[in-house]
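First up is the structure itself, then whatever we jot down about it.
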2 protein chains.
Amino acid sequence: LNNSLDFLFHPRSIALVGVTTTRPEHWTRSLLEGLLELEFDGSLYVVNPRGGHIGSQMVHRTLQEIPGTIDYVIGLVPASLAPELVNECAGKEVKAIHFCTAGFSETGETEGIRLEAQVVKAARENDIRIIGPNCIGIYCPKSHMSFAPIFPKEPGPVAFVSQSGGNSNSLVREAAIRGVRFSKVLSIGNCCDLNETDFLDYLATDTDTRIIAMYIEGVQDGKKFRQALAKATKEKPVIILKGGLTEGGARTVAGHTSSLAGSRAAWQALCRQYGVILVDSIDEMVDVLVALLFMPLPRGRNAAMIGAGGGASVMIADDFERHGYRLPPFPAELVKEIREFTPPAGNILLNPLDYSQTMFDFERLEKAIELVADWEGVDFLVKYMRTSQSGKSGSPSDDSRFLAGNSSNNNTKPVVIVIEPSVIPEEEKSIFKVMQSCISMKLPVFYSFGSAARAINLVLDYNESHPGKLTI
Amino acid sequence: LNNSLDFLFHPRSIALVGVTTTRPEHWTRSLLEGLLELEFDGSLYVVNPRGGHIGSQMVHRTLQEIPGTIDYVIGLVPASLAPELVNECAGKEVKAIHFCTAGFSETGETEGIRLEAQVVKAARENDIRIIGPNCIGIYCPKSHMSFAPIFPKEPGPVAFVSQSGGNSNSLVREAAIRGVRFSKVLSIGNCCDLNETDFLDYLATDTDTRIIAMYIEGVQDGKKFRQALAKATKEKPVIILKGGLTEGGARTVAGHTSSLAGSRAAWQALCRQYGVILVDSIDEMVDVLVALLFMPLPRGRNAAMIGAGGGASVMIADDFERHGYRLPPFPAELVKEIREFTPPAGNILLNPLDYSQTMFDFERLEKAIELVADWEGVDFLVKYMRTSQSGKSGSPSDDSRFLAGNSSNNNTKPVVIVIEPSVIPEEEKSIFKVMQSCISMKLPVFYSFGSAARAINLVLDYNESHPGKLTI
């Protein structure tokens with residue numbers, strides 16, 4: 001077996017076996033669309049016994065029909081045909097098969113377990129590595145591989161290994177919107193051959209990856225996983241979302257990827273020992289990635305808040321102090337300076353600084369922010385806008401400027417943006433524009449006070465237990 | 001002073017004093033628009049020294065110019081002119097003035113404090129009650145009063161009293177989208193005359209109100225508030241969001257409504273004693289209202305989950321069990337029955353029941369749900385759909401049917417819907433349709449697994465400490 005898994009991410013040719021030729025909406029098509037949309041630049045083949053064409057793509061009736069050898073096969077055939085496909089792959093010198101197919105050991109049924117064992121046996125005999133089964137495989141923008149057509153084409157520093165296709169889909173979608181880009185994303189399913197530890201070990205020294213995120217349902221070999229974790233956490237931040245930490249969750253894990261989930265206490269101890277950032281949800285994982293990537297590390301937990309709305313100011317102050325931050329009161333001298341050019345009615349010249357009545361008076365606003373940022377008592381700034389406040393000026397660009405300042409703005413302290421989305425599509429249209437404009441300026445954008453407070457806390461905790469490690 | 005505050009909500013005439021005649025986007029206009037849009041059916045007058053017209057609405061130059069008496073005045077004039085306005089109102093037999101105007105005691109400045117005291121003195125002398133200052137007043141759909149044009153015209157059972165205009169705006173907006181309707185909403189600002197206790201006391205016996213929600217920054221008289229709370233909680237559920245429970249929050253409260261916030265421990269003890277539902281955010285308050293109004297009370301915490309996606313199923317199982325629910329494993333007999341008509345590949349026939357591969361095969365789906373709902377081991381059902389799953393069928397009506405069943409569906413157990421919104425406007429368009437369709441069927445809709453789990457828990461906790469009270 002190869003030591004490095006690099007070959008998985010740089011195949012010269014890919015064959016998709018079992019893409020439907022008749023149902024354009026079928027999920028097997030999105031794997032083909034992903035590769036076409038990201039312009040996979042090796043040879044791309046599609047196999048289906050019906051033959052014919054899908055768009056301009058010729059469909060081969062068998063794998064054998066394809067001329068020459070094939071590096072990487074995506075298996076979309078029913079589970080019952082999987083062992084046979086492995087044997088056919090052997091004849092084409094295939095190095096790796098990613099089996100999308102479900103219906104194996106995760107069903108808990110004898111037939112599925114038997115078929116999976118057969119696949120492994122055939123693969124081992126022929127020196128073929130297996131990703132899956134029961135997963136959606138690889139997204140690697142650098143080599144133009146993708147399991148979904150909507151993912152970004154530009155690569156980035158984050159790797160994600162997931163024992164759930166749905167979670168890998170959600171993570172990439174949600175993180176991409178917030179400006180996060182990826183080196184390698186892997187949905188690894190039942191892990192009948194290559195498993196979570198293999199990929200963690202590989203990513204620890206992968207030079208394209210600066211942060212490793214994982215969704216883990218269970219590990220096959222606790223000792224090896226621990227070793228890989230020790231190695232990886234020495235190199236880069238590791239974020240883990242552990243599924244199945246409750247009784248009901250653990251039972252679901254067994255049915256999903258046939259893994260043993262492990263106890264909550266054991267996972268917490270493991271994460272503490274190696275300084276892993278343990279998160280509770282995909283959303284929290286996205287928030288932590290955003291904080292790691294786009295927020296320069298603040299010196300401490302003294303925050304200054306700037307926004308609009310008295311109630312909102314109280315809520316954000318409570319949310320941040322509840323999470324262990326401090327909103328130091330501004331010194332009288334600083335308040336006096338701001339008061340000199342700011343009318344008091346409807347504004348609150350405290351920390352939070354509620355600039356409701358003068359929020360689009362940018363000259364004053366930016367002068368006030370500069371004064372606050374320059375004060376030594378504050379480590380970072382949070383700027384916030386609620387759903388009900390956005391769109392008030394009638395112009396998304398005013399909202400963006402309120403939150404992000406102008407591009408020449410060079411704040412002396414890290415800045416965090418909180419902008420609450422709307423569920424109403426017409427409102428969200430303008431809020432989304434504001435968000436995108438902040439994100440394009442490489443600012444960390446969060447959707448709620450609480451989620452910003454939690455994510456920044458996890459990053460600060462991590463930095464305190466691993467001083468000097470955060471040089472991202 | 002009157003014992004009942006009914007007169008505030010049923011004025012025969014309203015005069016808005018100080019609406020801008022020149023700037024249509026100015027905030028003072030939204031108060032006029034609110035009354036016009038909700039078709040206030042008494043006499044409506046607008047006063048501004050410039051005179052002229054706003055649309056078809058004639059603008060009087062002075063209050064005196066208006067013929068006859070006026071019941072209710074909305075004061076939008078600068079703080080410096082407020083005492084004079086009270087005196088003018090006296091001449092028109094005004095019963096109540098709602099002062100929107102800020103710039104009073106909340107500024108902490110001598111001049112603002114002096115002006116507020118002058119307003120109170122003049123009002124007392126003339127037997128006029130004051131709402132505010134520094135607030136946006138009353139929304140009472142039954143009498144067609146509203147401080148915003150976008151609020152629903154139909155009345156409902158929820159009252160909300162808020163020491164923040166922004167929070168009352170957010171609460172009504174967010175709750176209305178979820179199907180909640182209101183009896184009386186009051187933004188009460190600095191409470192220089194009528195305060196939080198007066199309104200709580202009034203709402204306790206208000207027959208239009210079945211649930212009281214409050215956003216409190218501080219109370220003026222602890223003993224009286226406690227008495228009102230004892231009375232109100234005997235009559236109906238009371239939900240409180242307390243702002244300023246941290247040091248920074250408390251300082252903000254002082255600057256916002258010039259209140260003393262009170263300690264966290266004291267508030268928690270008070271809420272425990274009277275069985276108040278204490279929430280942490282506006283979002284959580286909306287979630288609790290939705291659970292109280294649209295979810296029949298389950299017998300207990302045994303939940304069955306039905307959705308799509310293995311990772312999603314693990315996440316929701318963990319989220320609910322972490323919050324003290326139990327996802328009991330389905331008996332072998334039940335699984336066997338479902339398995340008879342459900343293919344196992346890509347589905348997980350456990351609890352959660354992951355129906356990914358057959359989610360739009362409604363005959364099977366509804367048969368499976370019926371079997372689960374009929375099982376005595378389960379107290380309520382949760383149906384869920386993630387952002388990345390919605391729109392898969394290409395039809396919002398398929399998604400709605402997956403979540404809500406068909407209208408003839410008569411589940412034997414309470415049903416909860418979790419549907420994750422999208423921040424991407426085009427996606428949200430279809431998700432919003434699905435949401436609205438579930439909401440129109442009077443189903444409780446939540447935006448995340450965790451928020452549903454927390455809100456239902458708060459309602460169940462309340463019911464356990466107040467058995468038999470929840471007959472909403």
Side-chain angles (χ1 to χ4, degrees), chain A residues 25 79 102-103 107 109 112 162 164-167 169-170 173 177 215 217 243-249 251-253 255-257 281-282 309-315 317-318 320-322 326-327 329 344-346 348 350-352 386-389 394 421 423-425 428-429 432 435 447 450, chain B residues 25 79 102-103 107 109 112 162 164-167 169-170 173 177 215 217 243-249 251-253 255-257 281-282 309-315 317-318 320-322 326-327 329 344-346 348 350-352 386-389 394 421 423-425 428-429 432 435 447 450:
Chain A
E25 295 304 321
T107 59
E109 301 187 359
S162 173
S164 153
N167 280 350
N169 201 2
S170 292
R173 280 171 52 97
I177 295 169
Y215 169 70
E217 297 200 342
L245 287 183
T246 64
E247 208 186 302
R251 262 198 312 273
T252 312
V253 155
H256 182 214
T257 47
S281 65
I282 290 288
S313 298
V314 175
M315 299 284 95
D318 276 344
F320 271 81
E321 291 222 336
R322 214 178 269 142
R326 192 164 164 263
L327 274 68
I348 309 179
L350 291 173
N351 182 15
R386 264 187 170 173
T387 320
S388 51
Q389 284 154 353
V423 298
I424 303 175
E428 181 53 18
K429 225 172 171 169
F432 191 65
M435 250 180 227
Y447 298 155
Chain B
E25 295 304 321
T107 59
E109 300 187 359
S162 173
S164 153
N167 280 350
N169 202 0
S170 292
R173 280 171 50 98
I177 294 170
Y215 169 70
E217 297 200 342
L245 286 183
T246 63
E247 209 187 302
R251 263 198 312 273
T252 312
V253 155
H256 183 213
T257 47
S281 65
I282 290 288
S313 298
V314 174
M315 299 283 94
D318 276 344
F320 272 81
E321 291 222 338
R322 212 179 270 142
R326 194 166 163 261
L327 275 66
I348 309 179
L350 291 172
N351 182 14
R386 264 188 169 171
T387 320
S388 50
Q389 283 154 352
V423 298
I424 303 175
E428 180 53 18
K429 224 172 174 171
F432 191 64
M435 250 180 228
Y447 298 154

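Residue numbering restarts at 1 for every chain, and letters A, B, ... go by the order of the sequence lines.
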Fill in the blank from the handout: The interface call for A:Thr107 against chain B, heavy-atom contacts under 4.5 Å, is side chain
Fill in the blank from the handout: Bottom line for A:Phe320: the part with an atom under 4.5 Å from chain B's heavy atoms is neither
Handout entry: Per-residue contact mode, B:Ala312 against chain A (heavy atom under 4.5 angstrom)
Key = backbone
Problem - Pairs of heavy atoms under 4.5 Å with chain B: top-ranked of A:Leu327, A:Asp318, A:Ile424 - result: A:Asp318
Exercise for the section: Could you tell me which non-hydrogen atom of B:Thr387 sits nearest to which non-hydrogen atom of A:Arg173, and how far apart they are? Expected result: CG2-NH2, 3.2 Å
Exercise for the section: Report the option among A:Pro421, A:Gly309, A:Gly103, A:Ser170 that has the most heavy-atom pairs separated by less than 4.5 Å from atoms of chain B. Expected result: A:Ser170
Handout entry: Heavy-atom pair count under 4.5 Å with chain A, highest-scoring of B:Lys429, B:Glu109, B:Glu428, B:Arg251
Key = B:Arg251
Practice task
Tell me, for B:Glu247 versus chain A, whether the close heavy atoms (under 4.5 Å) come from the side chain, the backbone, both or neither.
Solution key: both
Problem - Residue among A:Pro352, A:Ser164, A:Gly310 with most heavy-atom pairs under 4.5 Å to chain B - result: A:Gly310
Problem - Partner set under side-chain contact (heavy atoms from CB on, under 4.5 Å) for A:Leu350, not counting sequence neighbours - result: A:Ile348
Exercise for the section: Search all heavy atoms of A:Phe432 against all heavy atoms of B:Val423 and return the closest pair with its distance. Expected result: CD1-O, 3.1 Å
Practice task
May I ask you to name which of A:Gly248, A:Pro329, A:Gly450 has the most heavy-atom pairs under 4.5 Å with chain B?
Solution key: A:Pro329
Practice task
Answer with side chain, backbone, both or neither: which region of B:Tyr215 has an atom nearer than 4.5 Å to a non-hydrogen atom of chain A?
Solution key: side chain
Handout entry: B:Arg322 versus chain A, the contacting section by heavy-atom distance below 4.5 Å
Key = both
Problem - A:Thr252 versus B:Asn351, closest heavy-atom pair with distance - result: OG1-O, 3.9 Å
Problem - Distance-only donor-acceptor check, side chains A:Arg386 and B:Asn167, under 3.5 Å - result: yes
